[in-house]
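Scroll down for the structure; my scribbles are underneath it.
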Amino acid sequence: MGLGILEDHKLEHVPGTALVLEDEARRETEQAVARDASLKYDETGKILLVPQPSDDPNDPLNWPLWKRDGIVFILSLLSVIAATLSPLLAADTVSLAIFVFQRPFTDMALLTGYHLLGVGIAGFLFVPSARIWGKRHLYILGTIIVIISSAWGGSNGKNYKSLLWARIFQGVGLAPFEALVNASVGDLYHVHQRGPRMALSNLALFGGAFFTPVLVGKIADTMGYEWTFWFVAIFAGAMLPLVILFVPETSYKRESRFDIDTMGNLVVPEEEMDKRARSAQTSEEKDREGEPEVRGVNGEAMVPVKMTWKQSLMPFNGRYTDEKYLHLLLRPFPLFFHPGILWACLIQGTLIGWTVMIGVVLAGIMLGPPLWFGELETGYMYTGAFIGAVLGFILCGIMSDWSARYLTRLNHGVYEPEFRMILVIPQLILGCAGLYGFGFTSAHAERYGWFWPDFFFALEVMGMVCGAVASALYIVDAHRDMSVEGFTCLLVFKNLFSFGLTFKGFDWIVSGRIKPVFIAIASVQVGVCMLTVPMYVFGKKNRSFFHRHNIFFKGTDWIADKLTFW
């Protein structure tokens, strides 16, 4: 048992577990590897490139760094614009219900709820499409949908159903950016380059979502809520030419031999590497059966011709996998019953749901005496959430790798993916304290004013970020072979759960009162966080079992084959 994690005796090497070489051994290994002229390093000659770039000039890893950074910068700007859509009405809930549509608060909350439902369903449909045909066509489609739906939302003519459908399609437009931008960062960079770019793309999504209401409150108060929609349409319209002209396809069909160890200083025993190499060679031989090999006059393999800029403008550039769309579409469904994926969904999705719930009820809570907040003041309350998101990312950036390295040293050089679960500790402390504190202080605004509810809102968002990072890192490290399907599960769960909460948020506050409701949901979150204990203890056995019994993918592939036949 390593640091409380039960050992597995069924497999010689459990996927995700790795040995970390001591400093002396690591230097010897690096010197030995350096003698292999077939491997490629960065410009300094000191950092091994992981994954290895191919000799294809169309491989995104061979593009100039300025070009790749430009792509991520454009996608991050679009992510900020798209992320504004979810909380777009957070500051306007009460004014829309009373002065514009004369409908119950719950109907206004559902404008956000159905939007999130659109994100979840569209993301579920888009991810298989991205796996097969790439991501570029979805970025272009998403931007166009954001433009049209936002213009539609601002021109609804006080028609509730029209605005509701506009919000649903806004969710569809947001889905490609929420689901695929992080994957594009993985396409474009080597492991040692991904950290700051991944932080930028995540901060664009989370930071944009929490900073939006601060601006929306001011815009709605001075210009009318319609302009919040029109500004999104204008800015997205300005970004569309940049996406079309300067964001080429980032997907690339890479041979498995280039996917060397992606864990940095984490390595596996030599005999295990030999097994993996033989397996990869067999897999590649099967993939190449029946495919003509392009060779030159002397029989030498030819380097592919570099794609022209005009060719790169095409929304489609062939298939990137031979798997069927229906197969890929159905695969995530059974993973909701996979203990590791289900744990990640709960750890990330529940606290995101409570954050959405705070957003849809915040205007109602602050409406009455003694604060009498309007759109402007309610929007300013999101300043705390934005600060909490930024501090949460800083905390995770400091803790995530440091804690994993520290626990690996304590575990005599053996790394386990369950070490990533340490980030649930700050989630438990900060997130749950934020929920409890928000319930206590917002229920007694006459005593605590606006500052303390905003302070605890910031703590809750910090905890939410820690949970999101912990779950994402665990899926990547522990279940890399099905990480795409795992992230699809996260996307669907968090949006459907948040959608469900919008149905009852206002009713709970009215019937159960603020304090008891938030004590209840904070207690539920404590229970969710405590699920990490058994997951940590039995995580290695769980990884071994599902590596030996791949029942989920086999079952869904069988169903997909039957459906395709009929």
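All residue numbers refer to positions in the sequence shown, counting from 1.
When atom types are taken as modelled, the side chain of Arg548 and the backbone of Lys10 share no donor-acceptor pair closer than 3.5 angstrom. No donor-acceptor pair closer than 3.5 Å links the side chain of Ser544 to the backbone N or O of Lys540. Proximity of a side-chain donor or acceptor of Ser155 to a complementary backbone N or O of Trp152 within less than 3.5 Å is not detected.
Counted within 6.0 Å of CZ on Phe169, heavy atoms from surrounding residues, nucleotides or ligands total 12 or fewer; the atom is thus considered open. Within a 6.0 Å sphere centred on CZ of Phe231, other residues, nucleotides and ligands contribute more than 12 heavy atoms. Shown here is Phe73, whose CZ atom has no more than 12 heavy atoms of other residues, nucleotides or ligands within 6.0 Å. Atom CH2 of Trp165 has 12 or fewer heavy atoms from other residues, nucleotides or ligands within 6.0 Å.
Considering only heavy atoms from C-beta on, Asn542 comes within 4.5 Å of Met535 through its side chain. Annotation: side chain of Glu418 is in contact with side chain of Tyr474 (closest heavy-atom distance under 4.5 Å). At a threshold of 4.5 Å between non-hydrogen side-chain atoms, the residues Asp69 and Leu65 count as touching.
Rounding to the nearest 0.5 Å gives a distance of 10.5 Å between OG1 of Thr488 and CG of Leu125.
Of all the heavy atoms in Phe419 and Tyr536, the pair that sits closest is CE2-OH, 3.8 Å. Contact between Ser129 and Tyr325 at its shortest, heavy atoms only, is N-CE1, 3.7 Å. Across every non-hydrogen atom of Phe177 and Gly142, the tightest pair is CE1-C, 4.1 Å. In terms of heavy atoms, Gln427 sits closest to Gly467 at NE2-CA, 3.5 Å. The two residues Thr228 and Val232 make their nearest non-hydrogen contact at O-CG2, 3.3 Å.
Under the side-chain contact (heavy atoms from CB on, under 4.5 Å) test applied with Val146, the options Leu174, Leu141, Val172, Leu85 reduce to a single match, Leu85. Of the options Asn62, Asp56, Asn317, a side chain to side chain donor-acceptor pair (under 3.5 Å) to Tyr252 is made by Asp56 and by none of the others. Of the listed residues (His115, Gln170, Arg167), just one forms a side chain to side chain donor-acceptor pair (under 3.5 Å) with Ser86, and that residue is His115.
Under the side-chain contact (heavy atoms from CB on, under 4.5 Å) criterion, Pro241 pairs with no residue at all, not counting sequence neighbours. For Phe487, there are no ring-ring contact (aromatic ring centres under 6.0 Å, His included) partners, not counting sequence neighbours.
Side-chain rings of Phe124 and Phe333 approach one another, their centers coming within less than 6.0 Å.
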Name every donor-acceptor pair, under 3.5 Å, that has one atom in a side chain of residues 492-503 and the other anywhere in the protein, sequence neighbours excluded.
residue	atom	partner	partner atom	Å
Lys494	NZ	Glu178	OE2	3.3
Asn495	ND2	Glu178	OE2	3.3
Asn495	ND2	Leu491	O	2.8
Ser498	OG	Lys494	O	2.7
Thr502	OG1	Phe499	O	2.5

